[in-house]
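Predicted model only: the values in this text are computed from it and were never measured.
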Amino acid sequence: MKQNLQAHPFHLVEPSPWPLTTSIGLGLTTIGGVIYFNGLGSLVLVIGLLVTVMTMTLWWRDCIREAGYQGYHTKKVRRGINIGFILFIISEVFFFFSIFWAYFHSSLAPSVELGVMWPPLGIEPLNIWELPLLNTIILLSSGATVTTAHHGLITGDRKLVIISLFFTLVLAVLFLMFQGIEYYNAPFTFSDGVFGSTFFFSTGFHGIHVLVGTIFLAVAFNRVVNYELTDTHHEGFQSAILYWHFVDVVWLFLFIAVYYWGS
């Protein structure tokens with residue numbers, strides 16, 4: 001009988017179609033976005049988004065199977081995953097650093113075209129004590145609830161994990177909803193010069209990160225409900241928490257720099 005003996009603790013991933021389908025989905029989404037913005041229909045964009053979402057779902061399903069049911073995620077593999085995710089967070093830090101650089105480049109020394117003032121002449125900034133402050137409270141509260149959920153998982157309090165993680169997801173959805181309301185009622189648009197472009201670019205990309213983090217935590221919530229995480233083996237959940245705290249910190253900088261100081 002042929003035996004599959006592995007003399008090392010690493011996971012050699014089997015051939016998978018998901019990298020290819022991801023490329024196809026993202027390519028169609030990009031091309032479809034260009035077609036849609038030029039007023040030529042949205043069919044290609046919708047197909048690209050559907051292929052991307054399908055690939056994400058199936059690829060994550062395979063990763064969960066490899067980690068939980070097939071036992072491929074050994075201690076060495078989990079350590080590599082943790083290091084890789086930390087490096088990913090560092091790359092995200094530099095991404096937002098570039099956004100803040102663009103913002104301060106224009107706001108610290110406004111040009112004559114901007115009226116030598118910030119906000120530029122004719123721009124009415126948002127009232128920070130309304131939706132921006134509410135969203136700050138919501139997001140910081142979600143950081144507290146997700147930390148409580150992690151504590152519950154480590155201590156074996158399943159009820160605390162489920163309740164805290166559920167409230168985290170509710171707060172995340174509320175944040176996104178209020179962000180959409182803020183955008184809809186904003187007295188300026190993306191095309192209103194450098195003020196509008198830097199505002200919507202910075203807060204918009206943060207909102208995309210909140211959406212990704214919400215999906216991340218929703219997957220972790222489903223795994224908790226299905227008894228797939230333990231107090232010593234929950235790297236996916238731990239990565240989601242780290243990502244969520246990163247989103248919290250970035251929002252604090254956005255609130256202080258873009259909303260408070262910028263107004």
Side-chain angles (χ1 to χ4, degrees), residues 13 15-64 84-85 88-89 91-100 102-103 126 131-132 135 138-139 142 168-222 236 239-240 243-244 246-247 250-251 254 258:
V13 183
S16 170
W18 309 135
L20 176 61
T21 56
T22 299
S23 302
I24 294 173
L26 293 178
L28 288 175
T29 301
T30 304
I31 296 172
V34 174
I35 295 174
Y36 174 74
F37 290 135
N38 283 276
L40 300 176
S42 59
L43 179 61
V44 178
L45 177 61
V46 171
I47 293 175
L49 290 173
L50 288 175
V51 172
T52 302
V53 171
M54 178 201 72
T55 301
M56 289 167 55
T57 304
L58 297 177
W59 201 345
W60 289 346
R61 179 205 62 183
D62 288 352
C63 290
I64 291 172
F85 196 80
F88 166 71
I89 293 295
S91 72
E92 291 284 280
V93 170
F94 283 101
F95 171 76
F96 277 100
F97 179 81
S98 66
I99 294 177
F100 280 107
Y103 175 78
L126 296 172
L131 279 179
N135 262 352
I138 289 174
L139 202 58
S142 70
T168 303
L169 292 172
V170 171
L171 292 171
V173 172
L174 285 176
F175 177 91
L176 292 171
M177 182 182 69
F178 288 138
Q179 191 78 36
I181 294 173
E182 178 183 284
Y183 281 3
Y184 183 78
N185 294 292
F188 52 88
T189 66
F190 192 89
S191 60
D192 283 328
V194 68
F195 182 88
S197 59
T198 53
F199 174 85
F200 285 105
F201 189 75
S202 57
T203 59
F205 263 103
H206 177 268
I208 292 174
H209 282 71
V210 173
L211 177 61
V212 171
T214 303
I215 297 172
F216 209 165
L217 290 173
V219 173
F221 179 78
N222 181 67
S239 297
Y243 187 86
W244 197 254
F246 166 75
V247 169
V250 170
W251 177 257
L254 284 174
V258 177

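The shortest non-hydrogen separation linking Gly33 to Leu45 is N-CD1, 3.8 Å. The two residues Phe216 and Ser239 make their nearest non-hydrogen contact at CZ-CB, 3.8 Å. Contact record, Pro132 with Trp251: O-CZ2, 4.0 Å, taken as the closest heavy-atom pair. Taking both residues in full, the closest heavy atoms of Phe188 and Gly196 are given as CD1-CA, 4.2 Å, listed atom of the first, atom of the second, then distance. Here the closest non-hydrogen pair linking Phe96 and Ser202 is CE2-O, 4.2 Å. Residues Ile35 and Gly41 come closest through the heavy atom pair CG2-O, 3.7 Å.
Applying the side-chain hydrogen bond (donor to acceptor under 3.5 Å, both in side chains) criterion to His209, with sequence neighbours excluded, gives Glu92. Here Phe178 pairs with Leu131, Leu134, Asn135, Ile138, Leu174, Ile181 under the side chain to side chain contact (heavy atoms under 4.5 Å, CB included) rule; sequence neighbours left out. Leu169 meets the side chain to side chain contact (heavy atoms under 4.5 Å, CB included) test with Thr214, Leu217, Ala218, Phe221; sequence neighbours excluded.
Within the 4.5 Å cutoff, the side chain of Val247 has no heavy atoms near those of the Phe175 side chain. The closest side-chain heavy-atom distance from Arg61 to Thr57 is not below 4.5 Å. His206 is listed as a side-chain neighbour of Leu139, based on a closest heavy-atom distance under 4.5 Å. Under the 4.5 Å side-chain criterion, counting only non-hydrogen atoms from C-beta, Tyr183 is in contact with Phe199. Within the 4.5 Å cutoff, the side chain of Val170 has no heavy atoms near those of the Val173 side chain.
Using a 30° and 60° split on the angle between ring planes, Phe190 and Phe200 fall in the tilted class, from 30° to 60°.
Atom CE of residue Met56 and atom CD1 of residue Ile215 lie 5.0 Å apart, to the nearest 0.5 angstrom. The distance from atom CG of Leu28 to atom OG1 of Thr21, rounded to the nearest 0.5 Å, is 11.0 Å. Note that CG of Leu26 is 6.5 Å distant from OG1 of Thr30, once rounded to the nearest 0.5 Å. Between the CG atom in Asn222 and the CH2 atom in Trp60 there is a gap of 12.0 Å [rounded to 0.5 Å].
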side-chain contact (heavy atoms from CB on, under 4.5 Å) between Val93 and Phe246: does it pass, once the steps are laid out?
CA-CA 9 Å; Val93 170; Phe246 166 75; 3.7 Å; yes

Could you walk me through whether Thr22 and Thr52 pass side-chain contact (heavy atoms from CB on, under 4.5 Å), step by step?
CA-CA 6 Å; Thr22 299; Thr52 302; 5.8 Å; no

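A donor-acceptor pair under 3.5 Å is absent between the side-chain atoms of Tyr103 and the main chain of Leu254, judged by distance alone.
Ring centroid separation for the pair Phe205 and Phe201 comes in under the 6.0 Å cut-off. Note: Phe88 and Phe85 meet the aromatic proximity criterion, with ring centroids under 6.0 Å apart.
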